[in-house]
Amino acid sequence: MDSRIVIIGSGIAGISAAHKLIKSGFHHVRILEATGRSGGRVKTGRFGDKVVEIGANWIHGPCEENPVFRLARQYGLLDPEALIPENQEIEIGGIPPWVPNIFLSSGQRLTLEELDPAREMFDKLLTESSEFATKGGEPTASVGDFIRSGVQKQAVEEWKDVDAKTRSLRLCAISHLLKQQCCVNGTHSMDEVGLGAFGLYKCLPGLDCTFPRGYEGLITNLLAELPPDLVTYNRPVSCVHWNDAERTEKPVMVECDDGEKIAADHVIVTVPLGYLKKHHSALFCPPLPLHKLHSVQRLGFGTNNKIFVEFDSPWWDEDCGAIFLVWDDEDEVVDQVSDIERSWVKKLFGFTVLKPTERYGHALCGWIAGHESEYMETLSEQEVTHCITQVVRRFTGNPTITPKRILCSQWFHDPWTCGSYSFPGKLCSAQDLENMMEPLPTKGSPAQPLQVLFAGEATHPFYYSTVHGAVLSGWREAERLISHYSVQQSVPKSNL
Ligand code: 6YU
């Protein structure tokens with residue numbers, strides 16, 4: 001196939017699109033990548049002598065339907081436990097079933113049973129939140145508002161016989177759970193997540209699993225099957241010129257930062273939504289149609305950062321999978337910190353334990369979302385270490401615990417990502433995700449079709465925010481071009 005296709009971005013969506021196109025006989029495919037590496041938000045790093053994930057962590061829902069699971073299995077990238085058929089049937093509903101150790105900011109340990117009533121109430125409200133996407137009639141604009149008003153009402157009714165201290169503790173636990181959801185959804189606050197669209201996201205079955213030698217193995221294996229000069233690195237694209245009536249041959253012209261201009265029949269844009277929100281006006285000439293632009297603005301894109309911390313010895317139980325931190329002064333059901341500079345660390349909901357210990361030693365991964373985590377990115381390693389040390393000592397009541405090493409991700413200040421992943425913002429609907437993936441020019445235009453196509457996690461109608469959503473979006477846009485040309489070929493020349 002002679003068509004020239006330029007793909008902007010060498011993340012998993014761009015690579016997946018290129019893979020499918022090349023395997024289907026398209027020879028002139030080229031990826032332009034702003035940075036010096038492929039993978040984008042699939043980014044494996046080193047923490048001392050350990051391999052850790054700076055970006056995507058798990059295969060969410062590793063089952064037959066999940067293309068990331070199928071590819072990882074095909075390339076031999078998973079531990080044998082991850083391949084057990086029973087694991088592929090477990091429904092976890094978004095968060096792995098960790099055995100938690102729960103600590104209170106006063107230095108007390110809490111039992112699971114003590115927090116069960118709070119978790120039950122929270123889980124029920126979260127499930128109800130996801131039902132409005134199909135039934136409509138949402139009573140509030142955001143998931144945060146819905147949960148807060150539900151908790152206020154139900155706490156009065158259901159916990160009326162509970163003493164004030166226990167009630168306050170349960171409300172503090174709900175603040176912790178909201179902060180946890182901020183990380184899951186990649187948002188500053190659940191008050192920014194639209195209630196009407198929250199349920200659009202679909203969970204696949206399967207017990208979330210990791211890549212023992214790093215998620216980037218997936219990228220390396222896919223690229224190994226493609227021409228070695230496919231990706232041009234350090235080549236940021238500054239403008240996509242489309243719909244130029246004078247350019248009948250190759251209707252799109254991609255302009256790079258260094259001034260190079262590349263003519264193409266089709267361009268697949270896979271830049272992150274965070275980048276698109278910030279740079280859409282410079283990136284497209286003519287600009288994006290208004291309905292598409294409004295969807296770019298309505299969809300949310302927030303920050304979820306990780307803080308890896310290593311210790312000489314564990315201060316958590318042997319079977320512990322996650323450490324949850326509950327602040328005892330947060331019974332107002334809050335997921336935002338009022339004085340970010342002084343108290344940003346209160347947004348940290350806890351840590352997951354890196355397992356197995358033989359592979360990772362005594363290392364934790366802290367999770368922190370929102371503007372608090374964006375502020376953290378501006379601090380020095382010493383400043384972050386100091387705050388984390390204070391928190392650990394305070395919650396455990398042990399003044400001697402000292403981290404050995406620390407490493408933070410910095411997704412907000414990454415100029416080519418500008419955050420972590422997408423979520424449906426207030427007033428969002430399924431139409432916004434449809435608009436995100438709609439090619440340009442839009443239907444009905446007399447101009448040459450499929451000049452600019454859109455892939456990337458934020459263009460998937462129900463697996464947005466995930467690696468498998470990004471893979472499927474890349475395949476979808478490749479298929480769009482493949483079927484466009486196969487239809488053209490099947491039409492006799494006289495009819496064209
Ligand atoms: C998953 C997980 N995971 C943690 C963290 C992060 C993410 N995700 P890319 O950005 O990869 O590629 C674009 C490229 O474009 C890039 O290389 C740029 O440099 C380049 N570019 C930009 N501008 C350019 C220009 N002008 N010119 C040229 N090039 C340019 N997903 O499945 N499991 O555990 C996590 C996690 C900290 C940051 C994640 C996870 C998200 C994925 O990483 C992400 O979707 C894909 O990698 C995106 O690929 P891409 O190709 O689209 O873009 C209930 C419910 C609620 C709903 N949410 C639940 C799901 C929760 C999501 N889970 C996240 C959790 C973690 C921990």
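Predicted, not measured: the structure shown is a model, and the values here were computed from it. Computation of the quantities below employed the complete heavy-atom set of this structure, encompassing side-chain atoms and omitting hydrogens, waters and symmetry-equivalent molecules. In each ligand, atom 1 is the first atom listed, and ligand 1 is the first ligand listed. Residues take their numbers from the sequence shown, with the count starting at 1.
Counting heavy atoms closer than 4.0 Å to ligand 1, residue W58 contributes atoms from both its backbone and its side chain. At a heavy-atom distance under 4.0 Å, only side-chain atoms of Y275, from C-beta outward, approach ligand 1. With a heavy-atom cut-off of 4.0 Å, H60 touches ligand 1 through its side chain alone.
For ligand 1, the polar-atom distance check finds no N/O of T270 at less than 3.5 Å from any of the ligand's N/O atoms. In terms of N/O distances under 3.5 Å, ligand 1 is approached by A34. On a distance-only criterion, N57 and ligand 1 share at least one N/O pair closer than 3.5 Å. Between I54 and ligand 1, no N or O atom pair is found at a separation short of 3.5 Å. Note: an N/O pair closer than 3.5 Å links V467 and ligand 1 by distance alone. Checking only distances, R41 does come within under 3.5 Å of ligand 1, N or O to N or O. Where the criterion is an N or O separation shorter than 3.5 Å, residue side chain and backbone included, R235 fails it with respect to ligand 1. For Q181, no nitrogen or oxygen atom sits less than 3.5 Å from a nitrogen or oxygen atom of ligand 1, counting backbone and side chain alike.
Residue-ligand proximity, T466 to ligand 1, at heavy-atom distances under 4.0 Å covers atoms 1 (C), 31 (N), 32 (O), 45 (O). The ligand atoms of ligand 1 that sit less than 4.0 angstrom from a heavy atom of W367 are 67 (C). Close approach to G39 involves these atoms of ligand 1, each under 4.0 Å from a residue heavy atom: 11 (O). Close approach of ligand 1 to L32 (heavy-atom distance below 4.0 Å) involves ligand atoms 28 (C), 29 (N). Against a heavy-atom cut-off of under 4.0 Å, I12 is close to the following atoms of ligand 1: 49 (O), 51 (O). Here is the list of ligand 1 atoms found below 4.0 Å of a heavy atom in G456: 52 (O). Which parts of ligand 1 touch P272 is read off a 4.0 Å heavy-atom cut-off, strictly below it: atoms 10 (O), 13 (C), 22 (C). The distance from ligand 1 to the heavy atoms of G40 drops below 4.0 Å at these ligand atoms: 11 (O), 16 (C), 17 (O).
Using a 4.5 Å heavy-atom cutoff, the side chains of E457 and T466 are not in contact.
Taking the six-membered ring for Trp and the full ring otherwise, Y275 and H279 have centroids separated by under 6.0 Å. Aromatic ring centroids of H362 and F311 lie 6.0 Å or more apart.
For the pair K347 and W367, the NZ or CZ position fails the cation-pi test of under 6.0 Å to the six-membered ring centre and within 45 degrees of the ring normal. A cation-pi geometry, defined here as NZ or CZ lying under 6.0 Å from the six-membered ring centre and within 45° of its normal, does not hold between K179 and F349. The side-chain tip of K50 does not point at the ring of F308 from less than 6.0 angstrom away and within 45° of straight on.
Within a 6.0 Å sphere centred on NZ of K250, heavy atoms belonging to other residues, nucleotides or ligands number more than 12. Counted within 6.0 Å of NZ on K135, heavy atoms from surrounding residues, nucleotides or ligands total more than 12; the atom is thus considered enclosed. For K124, the NZ atom is loosely surrounded, since the number of other residues' heavy atoms within 6.0 Å does not exceed 12.
For atom 56 (C) of ligand 1, the nearest non-hydrogen atom from the set N305, V42, N185, N66 belongs to N185. The heavy atom nearest to atom 41 (C) of ligand 1, considering only A56, A470, S465, is found in S465.
Ligand 1 lies nowhere less than 4.0 angstrom from a heavy atom belonging to T417. At least one heavy atom of G55 sits closer than 4.0 Å to an atom of ligand 1.
The existence of a salt bridge linking D79 and R359 is confirmed by a sub-4.0 Å separation between a basic side-chain nitrogen and an acidic carboxylate oxygen. A salt bridge does not link D257 with R235: every distance from a Lys NZ or Arg NE/NH1/NH2 to an Asp or Glu carboxylate oxygen is 4.0 Å or more.
Residue pairs meeting the salt bridge (charged side-chain N to carboxylate O under 4.0 Å, His left out) criterion with at least one member in residues 214-234, sequence neighbours excluded, are R37-E216. Screening residues 418-441 for salt bridge (charged side-chain N to carboxylate O under 4.0 Å, His left out), with sequence neighbours left out, gives R298-D432.
At distances below 3.5 Å, not a single donor-acceptor pair connects side-chain atoms of E192 with backbone N or O atoms of S189.
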